[in-house]
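I have placed the structure first, in the form of structure tokens, so that the comments after it can refer back to it.
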Protein chains: 2
Amino acid sequence: MNIKRDVPERLLAVAADLFAREGFDTVSVRKITSRAKANLGAVTYHFGSKEELFHAVIDRIGVPFSHRFISIAAGAGTPLDRICGIVTMVLTEPNLPAPTLILRALATDRPLPPPLRELMQRNLATIAGLIREGQSNGSIREGEPNLLALSVMAQPFLLRMAFRIPRDIVGVDRSDPATQRAVVQHVVTTITRSLATHPERRS
Amino acid sequence: MNIKRDVPERLLAVAADLFAREGFDTVSVRKITSRAKANLGAVTYHFGSKEELFHAVIDRIGVPFSHRFISIAAGAGTPLDRICGIVTMVLTEPNLPAPTLILRALATDRPLPPPLRELMQRNLATIAGLIREGQSNGSIREGEPNLLALSVMAQPFLLRMAFRIPRDIVGVDRSDPATQRAVVQHVVTTITRSLATHPERRS
DNA sequence: TACTTATTCATACATACGTATGAATATCAA
DNA sequence: TTGATATTCATACGTATGTATGAATAAGTA
């Protein structure tokens, strides 16, 4: 009976959670292995090094994250609808370590880990593609697509993180689900106004 | 002759630069003191601990940062003009460690250092105040002021950091000053569209 | 079964960290 | 100059880090 052939899997899961929550430097290999109920040497044995584990974590997190982008982008509705769908997903999905990892990596001088580079590249390209689609049928205003994509994604990324901050700073209490819906509505409205050629005729 | 009575000052300056660039955990006391040409014990002696030095750094960085917010907010022009002025400042000011520190603190589970809390609170309040002012004279659309303020500031904060990323990811090369002007113009346009009740009559 | 490979495990190593200590030196008022 | 205080300095302490090592065990194959 293969009771535990899943050590690498457990390490990935625990490390994903810890790296997203506390950052690469702050989390020690000992902390990861002990929570994963694995031996201290397991990281070196299965991944080669702590950094390679980190890269594997990014892949593990990033692949489904990009898939969600792509599947929403390939769905129904106007390009703007689909952009708003992605934004809503980023804002409301309960467990979403990718934005945290990306933001933290951006806020450092160190070079981006290659898998994170690729993750950002893929997802920005997805948004920029939708923007181009909207521009070519006249529903989205002119402007450099990559720049517009950055402006659009900045909001759900930052708002998502800001909500862990107490109410007296951001002035909004995320623990209330009605408030959360209001926040989503707010961001969708803001993005629609900033992108649509005719924002007044929104649904 | 008082050749060097400025050790605390030098420590603050070096630490501000390093903390903003690499983060609190990554920067060692030894690195700070050696770059500041001070003794290893200087941090403990003058500030008590590395963490207290960090808090002093936030104060040192945050005070002028908030002053710039306030002085632009108190200046001439419509509320929206002044918001765009602040955004432009955040986007173009050459040395501005505060956004980096704030973003990195947001992207962590650890509680915000109190001085950073206060810094965010002050600056968000400044923006929210301008938004309320615009709402009361009908030039800025309805919406929760704190939420609108977050949406507005998200863009310059994130775009500023994204520009250290190679061109092939963000699709924009910040080293070209003309491009930088275009980015500012882009963000101003985007914010105007998302905030103004009549964005079409922009200057 | 015996043999080979894969994995686990305890432990060791070298290094880096933040802080403490106490002597040495500088600064400044009297 | 003297004496008190403030600051610098080299060094030590205890702890934590990532990784390496080699023996012990498990799994898989013949």
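Chain letters run A, B, ... following the sequence lines, proteins first, then strands; residues in each count from 1.
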Expressed as a whole number of angstroms, how long is the span from [X]:[atom1] to [N]:[atom2]?
X: L53(B); N: dC17(C); atom1: CG; atom2: C1'; answer: 15 Å
X: F47(B); N: dA20(C); atom1: CZ; atom2: P; answer: 16 Å
X: R30(A); N: dA20(D); atom1: CZ; atom2: C1'; answer: 12 Å
X: K37(A); N: dT8(C); atom1: NZ; atom2: P; answer: 15 Å
X: N39(B); N: dT11(D); atom1: CG; atom2: P; answer: 11 Å
X: L11(A); N: dC9(C); atom1: CG; atom2: P; answer: 11 Å
X: K50(A); N: dA20(D); atom1: NZ; atom2: P; answer: 15 Å
X: I32(A); N: dT19(D); atom1: CD1; atom2: C1'; answer: 14 Å

Open item on the list: Here's a test for you: under salt bridge (Lys or Arg N to Asp or Glu O under 4.0 Å), which of K50(B), R110(B), R104(B) qualifies with D25(B)?
Closed with: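 Looking at K50(B), R110(B), R104(B), the match for D25(B) under the salt bridge (Lys or Arg N to Asp or Glu O under 4.0 Å) is R110(B).
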
TODO: Say whether T126(A) and R68(A), considering side chains only, have a donor N or O and an acceptor N or O under 3.5 Å apart.
DONE: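 Side-chain D/A pair, T126(A) to R68(A): absent.
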
Task: OP1 or OP2 of dA16(D) under 4.0 Å from side-chain N/O of S28(A) - done: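 No, no such contact exists.
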
Task: Side-chain N,O (H46(A)) to OP1/OP2 (dA6(C)) below 4.0 Å - done: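 The answer is no; no side-chain N or O of H46(A) sits under 4.0 Å from OP1 or OP2.
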
Side chain of [X] only, please: which of [options] is the nearest?
X: L40(A); options: dT11(C), dT19(C), dT8(C); result: dT11(C)
X: Y45(A); options: dT19(D), dT7(C), dT19(C); result: dT7(C)
X: T44(B); options: dG18(C), dT8(D), dA20(C); result: dA20(C)

Open item on the list: Strictly below 4.0 Å, N to O, side chains only: are E9(B) and R60(B) in salt-bridge contact?
Closed with: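 Counted as a salt bridge, because a side-chain N and a carboxylate O are separated by less than 4.0 Å.
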
- [ ] Hey, can you tell me if F24(A) and F54(A) have their rings parallel, tilted or perpendicular (30° and 60° cut-offs)?
- [x]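 Tilted.
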
